[in-house]
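Take a look at the structure set out below.
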Amino acid sequence: MQEDDVPATPIAAADPGGNRTGLVRQGAVVAVAMTFANVLGYGLSLVASRRLGPAEFGVFAAMLGLVIVGFVVSLGLQTVVTRFLAGEGSPDLGALAGTAVLASFATGAAVLLAAWPIAAFLRLPGPAPVLWAAATLVPLTWSGFVQGAAQGRERFGVLAVIVLCVTAGKVFGGLLGVLVSRSATVAVALTAVGTLAGTALATLLARSLLARPRFGAWAGGDVARASHALFALFVLTNTDLLLARHYLAPVTAGLYGAGSLITKIAFWLPQFVSVVALPRLVDPEQHGETLRRAVALLVALGVAVTAGTALLGTLVVQVVGGNAYVALAPYAWRFAALGSVLSLCQLLLYARLARGEHRVVDWIWAAVAAQVGLVGAVAHGSAQAIVTTTLGVVTVLVALGLATERRSGPASAHALDQDPAGQGPGA
């Protein structure tokens, strides 16, 4: 990887036309890396489901789900580091690194302390799989700092390499586990080892962007608030599946589960747009223009994905779930639309976090409450009713977010949660 693969300075600052092409050009690098990372993740689940068998795979899948929930701390850390590095002033990177170390061990410790209650709740034979999931979260959370260090400087080539290293380590560790043993505990243990190895390699490759951890300052409040907001978004993206499982007959709930895979694909496919846009959203001068172009790109991609699913519904369903789910085909496009609108919701959340504004989390929780209330009261009679209601709630949330951004003046973009000098933590 060459030092000048991706400019260290913001593209738009060096090139007035950078915003016109930057999101697409640089996003392509990140998109390829993230798509490949997602394919690796899906491949691990596919191989594990066949090698472990239903009982052991159930344990393994539950631990992967637990890691995904804990991963919001890594995303929160990445967002905060990106915001401080892309903002004005000279943030104390050593203090941010110290915060990352503490957040990493705190995340792992929280799961470790809850291992026995979690094991009992999930009806596991023992706490060992949960303990290994806790071990996985320590390097995985630290990787959020490493990714944020590259993202905040708009070093997207480096960011792509980091994403691939961390994901490849985690996935190949898990694959080795399921190939050498039919035990979910062994698979989770080697997933932890692989994650540690991949994160160590990523840290080594990105060492010129990092700093020695310093523990005299603390940015944990920012990380906690960002993680809370991203956790709320995570809940919003998954509640409809839980509601379907609760209200619908098992077969129909299974159809909804296949539809939720389409939602996830439509949601994660354009994630590179938000990743590339975030550093520029921090800059008050670039915020408005960057957001408009990012929204336009996400809308275009969403329309294409939704229209393609509407036209090729049967084929899409067969690829995602197989012939057993063809009854989903006539309304599969609604799941694609839901994922596309959720990607807009994620972008708008990042836009508010880029301004240092965290009260947006109240809106997300209100949307979750509205979704649960509407589905529970009147819209739980069919899969179509649940997905349509959820789509409507998220669309209203996005409309409110866009309206708020339109009303926000440039001055509000300076409302960062930094010290009065704008230097970031520990400056």
Q) Is there a side-chain contact between Leu402 and Leu348 (heavy atoms, below 4.5 Å)? A) yes
Q | Side-chain touch Leu66/Leu122, heavy atoms, less than 4.5 angstrom | A | no
Q) Can you tell if the side chain of Val158 reaches within under 4.5 Å of the side chain of Leu209, non-hydrogen atoms only? A) yes
Q.
Please list all pairs meeting ring pair (Phe, Tyr, Trp, His ring centres under 6.0 Å) that have one or both residues in residues 307-356, counting only residues at least two apart or in different chains.
A. Tyr256-Phe335
(Q) Testing the basics here: between Val276 and Pro279, what is the closest heavy-atom pair and its distance to 0.1 Å? (A) O-CD, 3.3 Å
Q) Less than 4.5 Å apart, any side-chain heavy atom of Gln384 and any of Arg334? A) yes
Q. Can you tell me if CH2 on Trp365 sees more than 12 non-hydrogen neighbours from other groups inside 6.0 Å?
A. yes
Q | From Thr191 atom OG1 to Leu64 atom CG, the distance as rounded to the nearest 0.5 Å | A | 6.5 Å
Q. Can you list the steps and then say if Leu391 with Thr395 is a side-chain contact (heavy atoms from CB on, under 4.5 Å)?
A. CA-CA 6 Å; Leu391 176 59; Thr395 300; 3.9 Å; yes
**Q.** From Val361, Leu233, Leu236, Leu397, residue fulfilling side chain to side chain contact (heavy atoms under 4.5 Å, CB included) relative to Leu349
**A.** Leu233
Q: Kindly compute the distance separating CD (Gln271) from OG (Ser343), expressed to the nearest 0.5 Å.
A: 9.5 Å
Q: Without swapping roles, check the side chain of Glu357 against the backbone of Arg352 for a donor-acceptor pair under 3.5 Å.
A: no
Listing, residues 28-52 side-chain donor-acceptor contacts under 3.5 Å, not counting sequence neighbours, or none:
{"unit_1": "Thr35", "atom_1": "OG1", "unit_2": "Ala31", "atom_2": "O", "d": "2.7"}
{"unit_1": "Asn38", "atom_1": "ND2", "unit_2": "Met34", "atom_2": "O", "d": "3.3"}
{"unit_1": "Ser49", "atom_1": "OG", "unit_2": "Ser45", "atom_2": "O", "d": "3.3"}
{"unit_1": "Ser49", "atom_1": "OG", "unit_2": "Leu46", "atom_2": "O", "d": "2.7"}
{"unit_1": "Arg50", "atom_1": "NH1", "unit_2": "Leu46", "atom_2": "O", "d": "3.4"}
{"unit_1": "Arg51", "atom_1": "NE", "unit_2": "Val178", "atom_2": "O", "d": "3.2"}
{"unit_1": "Arg51", "atom_1": "NH2", "unit_2": "Leu179", "atom_2": "O", "d": "2.9"}

Q) Which atom names give the shortest non-hydrogen contact between Ser340 and Val305, and what distance separates them? A) OG-CB, 4.5 Å
Q: Report the C-alpha separation of Val180 and Leu190 in whole Å, then their side-chain angles, then the decisive distance to 0.1 Å, and conclude whether the side-chain contact (heavy atoms from CB on, under 4.5 Å) test is met.
A: CA-CA 10 Å; Val180 302; Leu190 290 182; 4.2 Å; yes
Can you give me every donor-acceptor pair (side chain of residues 124-149, partner residue at least two apart or in another chain, under 3.5 Å) with its distance?
{"unit_1": "Thr136", "atom_1": "OG1", "unit_2": "Trp132", "atom_2": "O", "d": "2.9"}
{"unit_1": "Thr141", "atom_1": "OG1", "unit_2": "Leu137", "atom_2": "O", "d": "2.7"}
{"unit_1": "Trp142", "atom_1": "NE1", "unit_2": "Thr203", "atom_2": "OG1", "d": "3.0"}
{"unit_1": "Ser143", "atom_1": "OG", "unit_2": "Leu140", "atom_2": "O", "d": "2.5"}

Q. Does a side-chain heavy-atom distance below 4.5 Å link Gln346 with Thr237?
A. no
(Q) Are Arg83 and Arg355 packed together at the side-chain level, in the sense that at least one heavy-atom pair is separated by less than 4.5 angstrom? (A) no
Q. Any side-chain heavy-atom pair from His246 and His380 closer than 4.5 angstrom?
A. no
(Q) Rounded at 0.5 Å granularity, tell me how far CD1 in Ile162 sits from CG in Leu201. (A) 10.0 Å
**Q.** Ala100 versus Leu77, closest heavy-atom pair with distance
**A.** CB-CD2, 3.6 Å
Q | Main-chain N/O of Gly257 paired to Ser260 side chain as donor or acceptor, under 3.5 Å | A | yes
Q) Rounded to the nearest 0.5 Å, how far does OG of Ser382 lie from CG of Leu255? A) 11.5 Å
**Q.** Minimum side-chain heavy-atom gap Leu75-Phe234 below 4.5 Å
**A.** no
Q: Could you walk me through whether Leu85 and Leu93 pass side-chain contact (heavy atoms from CB on, under 4.5 Å), step by step?
A: CA-CA 8 Å; Leu85 288 179; Leu93 190 59; 4.1 Å; yes
(Q) I need the Leu312 CG to Gln318 CD distance, nearest 0.5 Å. (A) 11.0 Å
Q. Would Leu338 and Asp240 count as a side-chain contact (heavy atoms from CB on, under 4.5 Å) if you check the C-alpha gap in whole Å, the side-chain angles of each, and the deciding distance to 0.1 Å?
A. CA-CA 11 Å; Leu338 175 58; Asp240 64 316; 3.8 Å; yes
Q: Over all heavy atoms of both residues, which pair between Ala266 and Ala336 is shortest? Give the atoms and the distance, please.
A: CB-O, 3.4 Å
Q: Please report the shortest heavy-atom distance between Gly177 and Val186, naming the atom on each side.
A: O-CG1, 4.2 Å
Q) Which distance, rounded to the nearest 0.5 Å, do you find between the CG of Leu281 and the CD of Glu405? A) 8.0 Å
Q. With no hydrogens and no angle check, is any side-chain donor or acceptor of Gln151 less than 3.5 Å from a backbone partner on Leu159?
A. no
Q: Heavy atoms only: give me the nearest Ala385-Thr389 pair and the separation to one decimal.
A: O-OG1, 2.7 Å
